[in-house]
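One structure is given below, encoded as structure tokens.
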4 protein chains.
Amino acid sequence: MVNHISPINKETRRERRIERQRKVIMDAAAGLFAQKGFQATTTKDIAEAVDMGESTLYGYFSSKRDVLQAILSHQAEMVDALLDNLAELKDRQSFVEQVDRLMEMILSRTVYNRVLIAEAWRDDEVLWAYVISRWQPVMDSLQYFIAVRIKDGIFRPIEPALGARMIVACFIAAIMPVLRGVEAPPSPERRLNLARMIVETISNGLYIQKG
Amino acid sequence: MVNHISPINKETRRERRIERQRKVIMDAAAGLFAQKGFQATTTKDIAEAVDMGESTLYGYFSSKRDVLQAILSHQAEMVDALLDNLAELKDRQSFVEQVDRLMEMILSRTVYNRVLIAEAWRDDEVLWAYVISRWQPVMDSLQYFIAVRIKDGIFRPIEPALGARMIVACFIAAIMPVLRGVEAPPSPERRLNLARMIVETISNGLYIQKG
Amino acid sequence: MVNHISPINKETRRERRIERQRKVIMDAAAGLFAQKGFQATTTKDIAEAVDMGESTLYGYFSSKRDVLQAILSHQAEMVDALLDNLAELKDRQSFVEQVDRLMEMILSRTVYNRVLIAEAWRDDEVLWAYVISRWQPVMDSLQYFIAVRIKDGIFRPIEPALGARMIVACFIAAIMPVLRGVEAPPSPERRLNLARMIVETISNGLYIQKG
Amino acid sequence: MVNHISPINKETRRERRIERQRKVIMDAAAGLFAQKGFQATTTKDIAEAVDMGESTLYGYFSSKRDVLQAILSHQAEMVDALLDNLAELKDRQSFVEQVDRLMEMILSRTVYNRVLIAEAWRDDEVLWAYVISRWQPVMDSLQYFIAVRIKDGIFRPIEPALGARMIVACFIAAIMPVLRGVEAPPSPERRLNLARMIVETISNGLYIQKG
DNA sequence: CATGAATGAGCGTTCATTCAT
DNA sequence: AATGAATGAACGCTCATTCAT
């Protein structure tokens with residue numbers, strides 16, 4: 001029976017509508033921020049992109065900067081969720097899977113990440129709040145993974161911090177042109193293949209070892 | 001016997017003075033661009049940083065954008081000079097040296113490079129004119145280096161393009177936090193050591209190979 | 001039965017309001033342009049004259065030059081309408097009437113015309129777009145009128161082009177001080193009288209002919 | 001004997017040199033003012049036109065406005081000299097000569113007069129100081145000439161003021177396009193011919209009188 | 001006397017934000 | 001809730017003028 005609409009339902013429905021609108025604005029804004037940069041994007045640009053009056057935006061966000069913050073936060077939430085589910089790195093196969101999954105996640109939010117990188121590159125607050133604080137656990141986990149294997153005599157005695165950085169760098173290198181918008185995103189198969197090659201190279205190096 | 005002050009001397013002295021002033025402005029502007037971004041930096045900011053009237057800047061540069069271009073070009077010239085001197089990649093030792101030299105070069109112009117990256121990240125023209133067109137030879141050279149070794153059975157059959165990207169990524173990974181301004185630059189010894197570890201890892205992988 | 005306030009009414013009302021505002025700005029600007037010239041008049045001057053914020057002007061015009069263009073165009077429209085209605089010059093009486101009507105039209109938009117003359121005096125584009133291209137038909141018509149009468153032996157064999165120019169010059173001479181703002185506009189009676197004297201003098205000359 | 005150069009000579013020579021330089025600057029400036037208007041002409045424009053440093057101009061004139069004033073004054077002096085020599089208007093032949101001489105004088109200083117008209121059109125001070133006060137005697141003389149002839153029954157009973165205005169207007173009409181820069185200056189023969197036609201038309205009208 | 005360099009004042013224009021409706 | 005209109009506070013840039021040399 002929906003004849004009677006409770007105020008609570010009404011409220012939540014309204015809230016959902018607002019949240020939906022916020023998302024629409026954020027997506028449009030992210031696209032523009034990615035393309036032209038945050039500063040160069042005007043509120044008029046955003047308003048036109050979502051076919052609204054400029055002043056209407058201020059019903060959903062308190063300022064242009066607030067739109068950016070919302071984009072970064074929203075992105076951060078998704079990353080957090082995914083990073084929480086990062087399984088322990090047991091073997092090479094699971095490593096490949098993790099790398100593939102991370103690539104997929106990042107690529108599925110290309111514009112958001114392009115904006116994130118652009119802003120983090122100059123704004124220290126953004127760098128700390130949305131990049132370092134989020135990725136530190138991953139780096140720590142990677143370093144631990146490496147350190148343990150070095151102690152066990154499985155890995156060469158490289159600095160774990162540098163090793164972790166190189167691993168991340170290799171996998172980012174593969175997708176950076178896509179993030180930057182100068183290359184098409186890879187197909188899922190291609191992506192998995194990339195992940196395999198990256199893990200293989202990082203693990204065994206470029207040289208074929210003579211037994 | 002020349003006149004005490006020949007007109008030619010006078011002219012060159014004047015030119016040197018102008019060039020010196022341009023350099024002062026470029027350095028100050030690069031610092032601000034790196035910190036706040038090109039758009040967010042005002043001509044007033046730059047003028048105050050070099051303690052000049054705003055209009056005086058326009059005696060040395062024709063526009064704010066012209067200051068940016070000068071910074072990017074100046075940087076590009078240095079890169080070009082260095083890339084021209086890139087020796088052929090013969091052995092691992094020379095590889096390490098090249099990586100070390102590149103790191104040194106990039107780190108010696110930290111702010112300029114930070115600006116370059118920031119602008120290239122959003123401005124396609126900058127990306128092509130100052131990054132892709134300059135670095136393409138390096139990437140090509142690297143790919144060729146890899147392809148040859150794969151054919152000779154020395155390297156694993158990885159995609160040369162991906163391999164080249166990973167090599168560059170690894171070496172950039174080591175210095176990115178310095179460029180970003182969140183880490184102190186490495187000492188020359190430390191830098192050489194980094195180069196060695198990077199080349200070692202890229203060459204032989206993380207795993208110790210069992211014979 | 002229409003809605004109390006139909007959207008169409010709303011829209012046209014808004015449009016009328018905008019048009020009214022544009023007119024207010026144009027009148028104030030024309031006064032300033034006439035007094036100090038286009039270049040010497042600042043957007044601040046105009047804004048203060050209409051008691052608006054400077055930036056508000058840009059909601060109605062896209063640039064300072066656009067205000068000028070609107071003034072010139074607006075004036076041009078009126079002239080066009082009037083010139084279209086120029087009756088054929090049949091006899092001296094209709095000639096007087098035409099001269100009177102032209103004078104009235106020009107004097108009714110004194111400041112606009114003062115601006116037009118000032119700008120046409122230095123800006124070739126304005127001269128061609130708003131003066132020559134508009135008045136050429138009048139001059140042509142006058143020349144034709146003269147040429148026919150010369151052929152019929154009614155007029156002296158003067159150059160038609162010079163004759164046309166002198167006719168226009170005489171009638172402009174009568175009102176130029178008013179346009180310039182150093183003389184009060186003539187009453188309608190005075191104006192008609194002026195027209196009569198001008199046509200009389202141009203027709204029969206200053207000298208009383210001895211039969 | 002000029003071996004001994006007196007300080008007085010030196011001084012006057014210096015003064016002549018200065019006066020010569022002032023003239024060079026005024027001519028260049030007048031050309032620019034005529035072309036682009038006073039406001040739109042920059043001191044840099046003028047300096048470049050005379051191949052001087054901008055600041056050097058200030059050794060000869062105290063301000064940009066001062067250059068304009070000098071141009072207008074210089075022009076006024078020449079006009080004054082000529083107007084003083086205006087012979088009494090005795091007969092039609094002398095009238096034609098006067099008109100021709102005035103045309104020649106005005107056309108020989110085309111740019112100066114174009115500037116004068118432009119400035120007088122908006123600047124009341126210029127209008128009074130350089131136009132009205134100079135030309136009033138001419139107009140008065142013309143009015144008197146007309147009034148006398150009306151009284152003697154030679155001229156039709158037109159308002160002398162209007163008659164004078166029409167005479168001047170007719171002769172200006174003939175050369176205005178030259179002043180404005182859209183027509184080539186007439187040859188001396190053509191000019192004399194124009195003067196004749198103008199005086200003829202003004203005197204006897206367009207219509208051929210039937211005896 | 002000539003000038004390169006410097007600059008304060010001000011220009012036309014933009015834009016994030018506010019507010020009345 | 002939505003928006004057209006308004007605007008203050010800048011912005012990049014120009015230019016007449018000054019001044020040290």
Worksheet item: Any ion pair linking D:Glu19 and D:Arg16 (charged N to carboxylate O, less than 4.0 Å)?
Response: no

Worksheet item: Which part of the nucleic acid, if any, lies within contact of B:Arg65, taking any heavy atom under 4.0 Å across all strands shown: a base, the sugar-phosphate backbone alone, or nothing?
Response: nothing

Worksheet entry | Verdict with supporting geometry, A:Tyr58 and A:Asp66, side-chain contact (heavy atoms from CB on, under 4.5 Å) | CA-CA 10 Å; A:Tyr58 288 82; A:Asp66 189 32; over 6 Å; no

For atom [atom1] of [X] and atom [atom2] of [N], their distance in whole Å:
X	N	atom1	atom2	result
A:Arg17	F:dA1	CZ	P	8 Å
D:Arg16	E:dC1	CZ	P	16 Å
B:Lys64	F:dC11	NZ	C1'	8 Å
B:Phe61	F:dT14	CZ	P	15 Å
B:Tyr58	F:dC15	OH	P	13 Å
A:Tyr60	F:dA2	OH	C1'	8 Å
A:Arg20	F:dA1	CZ	P	15 Å
B:Ile25	F:dC13	CD1	P	14 Å

Worksheet, complete the sentence: When both distances are under 3.5 Å in a Watson-Crick or G-U wobble arrangement, the nucleotide paired with F:dC11 is E:dG12

Practice prompt. Find the partner of E:dG4: check Watson-Crick (N1-N3 plus N6-O4 or O6-N4) and G-U wobble (N1-O2, O6-N3) distances, both under 3.5 Å, and reply none if neither fits.
Written response: F:dC19

Discussion item. Measuring from the side chain of D:Glu54 (C-beta onward, heavy atoms only), which nucleotide among F:dT17, F:dA2, F:dG12 has the closest atom?
Written reply: F:dT17

Worksheet item: Choosing from E:dC19, E:dC15, F:dA6, which nucleotide comes nearest the side chain of C:Ser55?
Response: E:dC15

Discussion item. Does anything in residues 33-53 of chain C come within less than 4.0 Å of DNA chain F? Heavy atoms only, and list the residues if so.
Written reply: C:Met52, C:Gly53

Discussion item. As a quick check of understanding, evaluate side-chain contact (heavy atoms from CB on, under 4.5 Å) for C:Tyr60 and C:Lys23, giving each step before the final call.
Written reply: CA-CA 10 Å; C:Tyr60 297 97; C:Lys23 193 69 195 338; over 6 Å; no

Please tell me if [X] has a side-chain N or O lying less than 4.0 Å from either OP1 or OP2 of [N].
X	N	result
C:Gln21	F:dA6	yes
D:Ser63	F:dA16	no
D:Arg14	E:dC1	yes

Worksheet item: Do D:Val126 and D:Trp121 touch side chain to side chain, with heavy atoms closer than 4.5 Å?
Response: no

Response to the item:
Rounded to the nearest 0.5 Å, the CG atom of C:Leu116 sits from the CG atom of C:Leu127 at a distance of 9.0 Å

Fill in: Pairwise distance OG1(D:Thr42) to CD(D:Glu48) - rounded to 0.5 angstrom
7.5 Å

Discussion item. Less than 6.0 angstrom from the centroid, inside 45 degrees of the normal: does C:Arg122 satisfy that with respect to the ring of D:Phe38?
Written reply: no

Worksheet item: Of C:Ser62 and B:Gly59, whose closest DNA chain E nucleotide lies nearer the 5' terminus?
Response: B:Gly59

